[in-house]
Amino acid sequence: MYEPSNIIMILEILQKNGGFFFYNPINKRGVVGCKSELPEELGVTTLNESEISFFAIPFFSDINKKGEGLWNTMKMGEITFPYCYSILFSVGTQKKTTPTYVNVVDDYEKWCDLFDIIMSNIKAREVEKVVASRQVEILFDKDINLASCVLNLLKNNPQSYVFAYIYGGKAFIGATPEILVEKCGSRIQSYAVAGTFPKCENNEKRGKELLNDIKNNHEHKIVIEEIVSTMRTVTNKVSIGMTELMELKNLFHLKTSIVATDGQKNLIEWVRLLHPTPAMGGKPRKKALKLIEKYEQHDRGLFAAPIGIVEKNGDGIFVVGIRSALIDGNKIYAYAGCGIVEQSDCREEYEETNTKLRTILEAL
Ligand SMILES: C=C(O[C@H]1C=CC=C(C(=O)O)[C@@H]1O)C(=O)O
């Protein structure tokens, strides 16, 4: 089993010098891009710099229009590192986790204003779905320990893709359950992950209820349809899997796999075509994005944005940067969003974002 103390040491080096960490729970492989060399004793395998490329593509191409310029010290797009490594984790890290409860800041009034604007646009038939988000700022009395946060994300979220991108004194970290697109040869796989129920005492019943819930299935179907129609602009070889339940530490989601066959476009082109799906933006895409840009009070930066790696042969994976936070010294900006449709209730959606924020808050 891979030693947690090793991962702590690696992350401490990344925190000090800058770097990128990406963990894939399916093949249990972590990859690291680093500005400085990692000691061999840490059990990492050295990769040639050209073997792997790291990407953090912002949600909106023109970020940092809103106030503080929180994101402007971070390099975006393709990020290259002189030292690259891979780490194999063992199955031992895959333990079953149970929810715990953490309090989050009350910004309900601000949320209501955003919700009302979106709902009035939905009622006016301007948009069908918009993913609204919160940025919750939490101040600590000392600097946040990045290494232990990332280790906790790994421990608490065994099915999630855990990432940490450290640059210019800030770190963007998260444990996301959602793949935007994965390429393996001509197989292009995306997932619709949308529709959420928080866990409760009777989880078996809760899961079944989500699978049959009309509002959540509507939200989910919008995402499937958009991914499928986008893929069909490139190829008519597109197949849709069954909608399943995804069980995470604190909540359930609806999840559907969508696979296309294409030998023409590269992975970055696929990312640019698919991002943002209506699980992160809305429907219709342009109008939903305009509302988000105009009325959300914060810059999304890398929140809900494509984060990923590309291998030398062109294969790779991009996830969406949700269940995430930007760490700046003793300050943390945690992010969570949810899809709003005509049947949505303001308070319920706020509580849903609180549940989603727990991924980060429980790791601090
Ligand atoms: C935007 C987020 O979640 C998305 C992913 C899964 C389910 C979602 C939902 O049910 O609203 C969201 O679309 C977030 O966690 O910040």
Side-chain angles (χ1 to χ4, degrees), residues 59 104 111 114-115 118 122 127-136 153 157 159-163 172-180 190-199 206-207 209-211 213-227 243-257 274-283 285 288-289 292 296 298 300-307 319-326 333-346 348-363:
F59 187 88
V104 284
W111 173 258
L114 180 61
F115 183 94
I118 290 171
I122 291 173
V127 283
E128 192 178 345
K129 174 181 177 179
V130 177
V131 177
S133 75
R134 295 162 62 194
Q135 174 187 268
V136 174
L153 286 175
N157 307 279
Q159 291 110 317
S160 297
Y161 296 79
V162 175
F163 56 83
F172 182 61
I173 65 166
T176 176
E178 187 161 346
I179 295 174
L180 173 65
S190 180
Y191 288 88
V193 180
T196 308
F197 266 178
K199 282 188 165 173
R206 194 77 176 142
E209 280 168 1
L210 177 60
L211 277 171
D213 184 76
I214 293 171
K215 180 216 142 203
N216 278 287
N217 273 286
H218 171 55
E219 252 183 270
H220 188 72
K221 203 165 154 240
I222 290 174
V223 183
I224 299 178
E225 283 172 357
E226 174 90 8
I227 294 175
T243 297
E244 302 165 0
L245 209 56
M246 176 190 261
E247 182 176 354
L248 299 173
K249 185 168 184 272
N250 299 306
L251 42 79
F252 291 107
H253 287 312
L254 295 175
K255 167 185 169 180
T256 308
S257 153
L274 291 166
H275 170 74
T277 73
M280 302 296 125
K283 184 187 170 188
R285 185 191 276 184
L289 292 182
I292 293 169
E296 272 187 5
H298 53 273
R300 285 197 173 193
L302 291 173
F303 165 65
I307 311 281
V319 296
V320 286
I322 53 172
R323 319 295 144 86
S324 57
L326 183 69
Y333 302 86
Y335 296 91
C338 63
I340 293 171
V341 291
E342 194 167 15
Q343 303 85 346
S344 295
D345 173 77
C346 185
E348 270 175 29
E349 300 295 345
Y350 183 75
E351 293 306 336
E352 183 177 312
T353 57
N354 277 345
T355 310
K356 288 169 172 168
L357 283 168
R358 284 164 59 184
T359 305
I360 284 296
L361 300 180
E362 289 170 358

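When a ligand or atom number is given, it counts from 1 through the structure's own listing order.
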Starting from [atom], locate the nearest protein heavy atom and write down its residue, its atom name and how far away it is, to 0.1 Å.
atom	result
atom 11 (O) of ligand 1	G339 N, 2.8 Å
atom 10 (O) of ligand 1	T196 OG1, 2.5 Å
atom 3 (O) of ligand 1	R323 NH2, 3.2 Å
atom 16 (O) of ligand 1	G337 N, 2.7 Å
atom 6 (C) of ligand 1	V193 O, 3.4 Å
atom 8 (C) of ligand 1	K356 NZ, 3.3 Å
atom 5 (C) of ligand 1	E178 OE1, 3.3 Å

Any [X] heavy atom less than 4.0 Å from ligand 1:
X	answer
F303	yes
E219	yes
G195	yes
E352	yes

For the backbone of [Y] and the side chain of [X], can you confirm whether one donor and one acceptor N or O come within less than 3.5 Å of each other?
X	Y	value
E296	S133	yes
N217	L211	yes
K129	A288	no
T176	V320	yes
S190	L180	yes

Point to revise | N or O pair under 3.5 Å between Y335 and ligand 1 | key: no

Check your understanding: Would you say ligand 1 has an N or O under 3.5 Å from any N or O of A279?
Key -> yes

Atoms in ligand 1 flagged as close to [X], the criterion being non-hydrogen separation under 4.0 Å:
X	answer
M280	4 (C), 5 (C)
A336	16 (O)
C338	11 (O)
H253	6 (C), 7 (C)

Point to revise | Ring geometry between F303 and Y335 (parallel below 30°, tilted from 30 to 60°, perpendicular above 60°) | key: parallel

Check your understanding: With sequence neighbours left out, what residues match Y161 under side chain to side chain donor-acceptor pair (under 3.5 Å)?
Key -> none

Practice item. Determine whether more than 12 heavy atoms belonging to other residues, nucleotides or ligands lie under 6.0 Å from atom NZ of K215. Key: yes

**Study point:** Separation of E209 CD from L245 CG (nearest 0.5 Å)
**Key:** 11.0 Å

Review point. Out of curiosity, L254 CG to T196 OG1, how far, rounded to the nearest 0.5 Å?
Key: 7.5 Å

Exercise for review: Output yes when E178 and K255 qualify as a salt bridge under the 4.0 Å nitrogen-oxygen rule, no when they do not.
Suggested key: no

